[in-house]
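No hydrogens, no waters, no symmetry mates; every other heavy atom, side chains included, goes into these values. Labels below follow one simple rule: chain letters A, B, ... track the order of the sequence lines, proteins then strands, and each chain is numbered from 1.
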2 protein chains.
Amino acid sequence: MVDAAIRLTEEHGLDGWTIRQLAAAIRAWPAVVYHHVGDREAVVDAVLQSVVAGMPVPADDLPWRDWWHRFLVDGRATLRRYRGVARRLATRGPTVPAMLAIADHGIRVLRRAGFGAESSDVYQVLVSSSFLMVALEDEWAADPSLRSRTAAVLAAHRDREDMPGLAALASLWHRTCNDQETLRARDEWFFGYAVDRALDAVQVRLDILTAK
Amino acid sequence: MVDAAIRLTEEHGLDGWTIRQLAAAIRAWPAVVYHHVGDREAVVDAVLQSVVAGMPVPADDLPWRDWWHRFLVDGRATLRRYRGVARRLATRGPTVPAMLAIADHGIRVLRRAGFGAESSDVYQVLVSSSFLMVALEDEWAADPSLRSRTAAVLAAHRDREDMPGLAALASLWHRTCNDQETLRARDEWFFGYAVDRALDAVQVRLDILTAK
DNA sequence: ACCTGAACACCGTTCAAGT
DNA sequence: ACCTGAACACCGTTCAAGT
């Protein structure tokens, strides 16, 4: 039952299937879903729990920056396989049981590194900004027309000398949006760039906190 | 017509009203919405355009960090008045016409500061991470039970000595989630914290870029 | 206890018929 | 050209009736 929901999520995303489809996938009537699991929200919770339980957690003894880089980059790889999960994870946080151990782990790594009382805030910044970025990629994947329209709009402004900032942005899109594969590579690079920036920012805080 | 959609968005959020409600608000039948504006997506686009057009753009002569801090913090204030707008803005980007001038402005400020070819990437990091954070606040505002459930779950782990990281997170929530007002203040502080971290990160990049 | 099948109260959208 | 009102094809959810 939950397995079927996970497979459907893998194929169509968490918002891409209906209770009726889920019931049909297990050759049953919609009402049996309610009888055994509950309403749609309950099914979604089960999927979240299962996906988070499958997220790899880096080894304890890594330096904080390496631990977090690995967790976020590897985490993206698994979250992206289940569209829509990242967004709900960002909004629900440790409501998903499997998220409790991850939160504990992540914050412990930060405290050991010297972040002290700021560890919880740092945790929330790192997790929510990364998960939300994955959620953004999910939305683009679910509706490719969103980005092709952006590409089309920007293409029209590539040579505008009165708007040099916009022209620069347009030429960036022109370089990366040619084919499917370079776009995918660009997304992966950009996520890494965003994660590295978040970690840079946090490093700055650590330098200040440990200096005094 | 679009005015009515904006008012409904202000009250119920962009996903909180239906075509039928919009039609009723202007004392008409659903079909007249299609006749004059188009489908729901077209109405949403009109709302986005209107909200973005109302976003304050800081003065040209500000230092890059001040310009961006102001833009993002003031931008949050206006976006939060229209729930659901921030999320769509993050996914659609400069597809919304009023966003073109803002993108040009923001990137120009970065290029003048010395970010060079990296300006477009920095722009995308700053805008998407901030807008997505607002989108997260929007979701929490639309469904307060999300956070109260998180608070309840964490409350149960406040004194767990086997999970010190989780206990630290729980005590943070315990301090901030008492009443409505301190929660609102915490959200505002956290957004500022996140923006400051993003700007710190970008400052690090600028130091590297201008050093060589 | 569990499944069946219909029903309810909604959606967004379309369309022939009116004026 | 614009409005009317019904209809279509969907939702999530509920529930009496069956086994």
Side-chain angles (χ1 to χ4, degrees), chain A residues 1-51 82-85 87-89 91-92 95-96 138-139 142-146 149, chain B residues 1-51 82-85 87-89 91-92 95-96 138-139 142-146 149:
Chain A
M1 168 91 253
V2 175
D3 283 0
I6 292 166
R7 277 194 300 273
L8 279 172
T9 302
E10 209 163 353
E11 198 169 354
H12 303 110
L14 206 42
D15 299 301
W17 51 262
T18 69
I19 290 285
R20 285 172 157 90
Q21 280 173 33
L22 174 59
I26 57 170
R27 265 175 276 279
W29 296 81
V32 330
V33 177
Y34 286 81
H35 194 279
H36 284 95
V37 185
D39 61 7
R40 197 180 198 286
E41 205 71 352
V43 181
V44 164
D45 279 341
V47 173
L48 293 182
Q49 166 67 9
S50 162
V51 171
Y82 304 91
R83 255 182 283 139
V85 167
R87 183 161 79 95
R88 316 242 180 180
L89 240 40
T91 67
R92 294 174 203 219
T95 291
V96 181
D138 283 351
E139 286 206 74
D143 182 4
S145 78
L146 286 169
R149 263 178 10 222
Chain B
M1 169 90 253
V2 175
D3 283 359
I6 292 167
R7 276 194 301 272
L8 280 172
T9 301
E10 210 163 353
E11 197 168 354
H12 303 110
L14 205 43
D15 299 301
W17 52 261
T18 69
I19 291 286
R20 285 172 157 91
Q21 281 172 32
L22 174 59
I26 57 169
R27 265 176 275 280
W29 296 80
V32 330
V33 176
Y34 287 81
H35 194 279
H36 283 96
V37 184
D39 62 7
R40 197 179 198 285
E41 206 70 353
V43 181
V44 164
D45 279 341
V47 173
L48 293 182
Q49 166 68 10
S50 162
V51 171
Y82 304 91
R83 255 182 284 140
V85 167
R87 183 160 79 95
R88 317 242 179 179
L89 240 42
T91 68
R92 292 171 205 221
T95 292
V96 181
D138 284 349
E139 286 206 74
D143 182 4
S145 79
L146 285 168
R149 263 176 14 220

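Scanning all heavy atoms of the two residues, the minimum distance from B:Gly38 to B:Val43 falls at O-CG2, 4.3 Å. The minimum heavy-atom distance between B:Leu8 and B:Ala25, with the atom names listed, is CD1-CB, 4.4 Å. Residues B:Leu146 and A:Thr95 approach most closely at O-OG1, 4.3 Å, considering heavy atoms. When all heavy atoms of B:Leu14 and B:Gly84 are compared, the closest pair comes out as CD2-O, 3.8 Å. Across every non-hydrogen atom of A:Val37 and A:Ala42, the tightest pair is O-CB, 3.6 Å. The minimum heavy-atom distance linking B:Arg20 with B:Pro30 is given by the pair CG-CG, 4.0 Å.
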(message) Let me check I have this right: for DNA chain C, each base becomes ., (, ), [, ] or |, based on Watson-Crick or G-U pairs with both distances under 3.5 Å. What is the full string?
(response) ||.|||||...|||||.||
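Of the residues in residues 36-50 of chain B, those with a non-hydrogen atom less than 4.0 angstrom from any atom of DNA chain C are B:Asp39, B:Arg40. Using a 4.0 Å cutoff on non-hydrogen atoms, the parts of residues 8-31 of chain A near DNA chain C are A:Arg20, A:Trp29, A:Ala31, ordered by number.
In the 5' to 3' direction, nucleotides of DNA chain C lying under 4.0 Å from heavy atoms of chain B begin and end at C:dC11 to C:dC15.
Under the 4.0 Å criterion applied to side-chain N and carboxylate O atoms, A:Glu41 and A:Arg92 are assigned as salt-bridge partners.
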(request) Decide yes or no on side-chain contact (heavy atoms from CB on, under 4.5 Å) for A:His12 and A:Arg7, but give the supporting numbers first. (result) CA-CA 9 Å; A:His12 303 110; A:Arg7 277 194 300 273; over 6 Å; no
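Formation of a donor-acceptor pair under 3.5 Å by the B:His35 side chain with backbone atoms of B:Ala31 is not found in this model. Remark: side-chain polar atoms of B:Thr9 are paired, donor with acceptor, to backbone N or O of B:Ala5 under 3.5 angstrom.
Every side-chain hydrogen bond (donor to acceptor under 3.5 Å, both in side chains) that B:Asp15 has, sequence neighbours left out, goes to B:Arg88. Listed by chain and number, the residues in a side-chain contact (heavy atoms from CB on, under 4.5 Å) with A:Asp138 are A:Arg80, A:Arg83, A:Ala86, A:Val134 (sequence neighbours excluded).
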